[in-house]
There are 2 protein chains.
Amino acid sequence: MTSGLRERKKQATRLALHEAALRLVAERGLDGVSIDDIAERAHVSPRTFFNYFPSKDDAVLGLDPGAPQHLAGLFTGRPAEESAVEAVRAVHRKMAAEMAEDRELWPLRLTVIDAHPALIGRLVAGFGESERVLAVAIAERTGTRVGIDVYPSLLASVQACVMRTALHRWLATDFTASLTDLVDEAWDVVTAGLPAPPR
Amino acid sequence: MTSGLRERKKQATRLALHEAALRLVAERGLDGVSIDDIAERAHVSPRTFFNYFPSKDDAVLGLDPGAPQHLAGLFTGRPAEESAVEAVRAVHRKMAAEMAEDRELWPLRLTVIDAHPALIGRLVAGFGESERVLAVAIAERTGTRVGIDVYPSLLASVQACVMRTALHRWLATDFTASLTDLVDEAWDVVTAGLPAPPR
DNA sequence: GCCATTCTTTGCATGCAGTGCAAGTTTGCA
DNA sequence: TGCAAACTTGCACTGCATGCAAAGAATGGC
């Protein structure tokens, strides 16, 4: 089914376009790279580019369209006795471990994003979908209602903040720090209610 | 100084372009409106549009370029005995009160943003600048260091989450709820460390 | 192994976004 | 009143993004 030649080729092309976009932008900056450049390096026609990504920005970010469902799936898969925060934290640990494994693409992505604020916007818009899906799952676990109670949307939103902050600090340490530690540290502060740090 | 004819005309043109963009997009959707349409309704040439906003999205959002400094200024202006969280909360109350006063533009802005996820991205990218400036001010108040300690970036980031969530709920209630109450409620949950809500 | 079906790639044409430049117009100030 | 600075506008150009239709490649039944 999912492993036919056709499907594998599509995945390969998608990845080739993403990597081409990412590396070219890392070299020359966002405005120094055209769709034609990206398509050429990925060995497809410029027109084909748009069969895979709706814009240059999306290709650079290379967001997985299945990510929101993946995130929510990990969350709902956590044992029922865990609180929503505990479950999200556990999911974050898993995600952080996965990201930290990749010593090349993730650092490159984060570096490029940091250098181009325009991409942050596109990225957060992508995360927005994840937040919405996750908020529904959180509501389910906590017996609250999305759009009526604060809790689900707020936790979904804060969760993204925590991950974003951790990723940014990971970048700031030149990827020498442990990403899981950074995520944990941020969660400690948040779950303590953001107390003023000791001076 | 700031009240010369030239300056007032510029502000008026900027506002006219913003309102034109906002209303047209509310009517016809983001793709149903061209720069030419916006310029025409604001009685300027299409080329002049780009003297005021770098893109269509920016015109729709109409972000104040001085907002980051304004926010940080309010924050540093708070009495020194307040903790960083207390000070941010106070600033939020003030901002919420100001937004709630405007019964037309802010609701329209939020409605349009909600209908066009692409704008959320641009919006958050704009907030990013505010977050960075605010993080520096937070670091100052708490004796921490941006980029080294978690606290300043995390609080600056969470603060934006709180406001965003409150605004979204305000929209969800069709702007009937009190925005300041919604902001306060979100802060209560966050400062309590996101405890699981009672079932 | 062959063929009809289905999906993918590609080229072409088109409209709009966004920017640099230079000329024309308005405003501020002496 | 007249000069300098700031603002507006038209023109030209590059690049993004999309629809459409024809050509090419993979799939499954026979």
In whole angstroms, the gap separating C1' of dA17(D) from CG of D58(A) amounts to 12 Å
Within the 4.0 Å heavy-atom criterion, would you say F49(A) contacts the bases, only the backbone, or no part of the nucleic acid?
nothing
Is a salt bridge present between R164(A) and E131(B), judged by a nitrogen-to-oxygen distance below 4.0 Å? yes
K9(A) atom NZ is separated from dT27(D) atom C1', nearest whole Å, by 13 Å
task = Could you tell me whether P46(A) contacts a base, only the sugar-phosphate backbone, or nothing, with contacts defined as non-hydrogen atoms closer than 4.0 Å?
result = nothing
Salt bridge R89(B)-E82(B), side-chain N to carboxylate O under 4.0 Å:
no
Remember a base hit wins even if backbone is also touched, and classify F53(B) as base, sugar-phosphate or nothing at under 4.0 Å, heavy atoms. nothing
(request) Could you check whether N51(A) gets within reach of a base, just the sugar-phosphate, or nothing at all, counting any heavy atom under 4.0 Å? (result) base
Checking dT9(D), dA17(C), dT6(C) against the side chain of K56(B) (C-beta onward), the nearest is dA17(C)
Result for 5'-nearest mapping on DNA chain D, choosing between S34(A) and R47(A), is S34(A)
| Cationic N near anionic O, under 4.0 Å, R41(B) to E27(B) | yes
Ignoring backbone atoms, establish whether K10(B) has a side-chain N or O less than 4.0 Å from OP1 or OP2 of dC7(D). yes
All heavy atoms of W187(A) vs all of H92(A), minimum pair found to be NE1-ND1, 3.0 Å
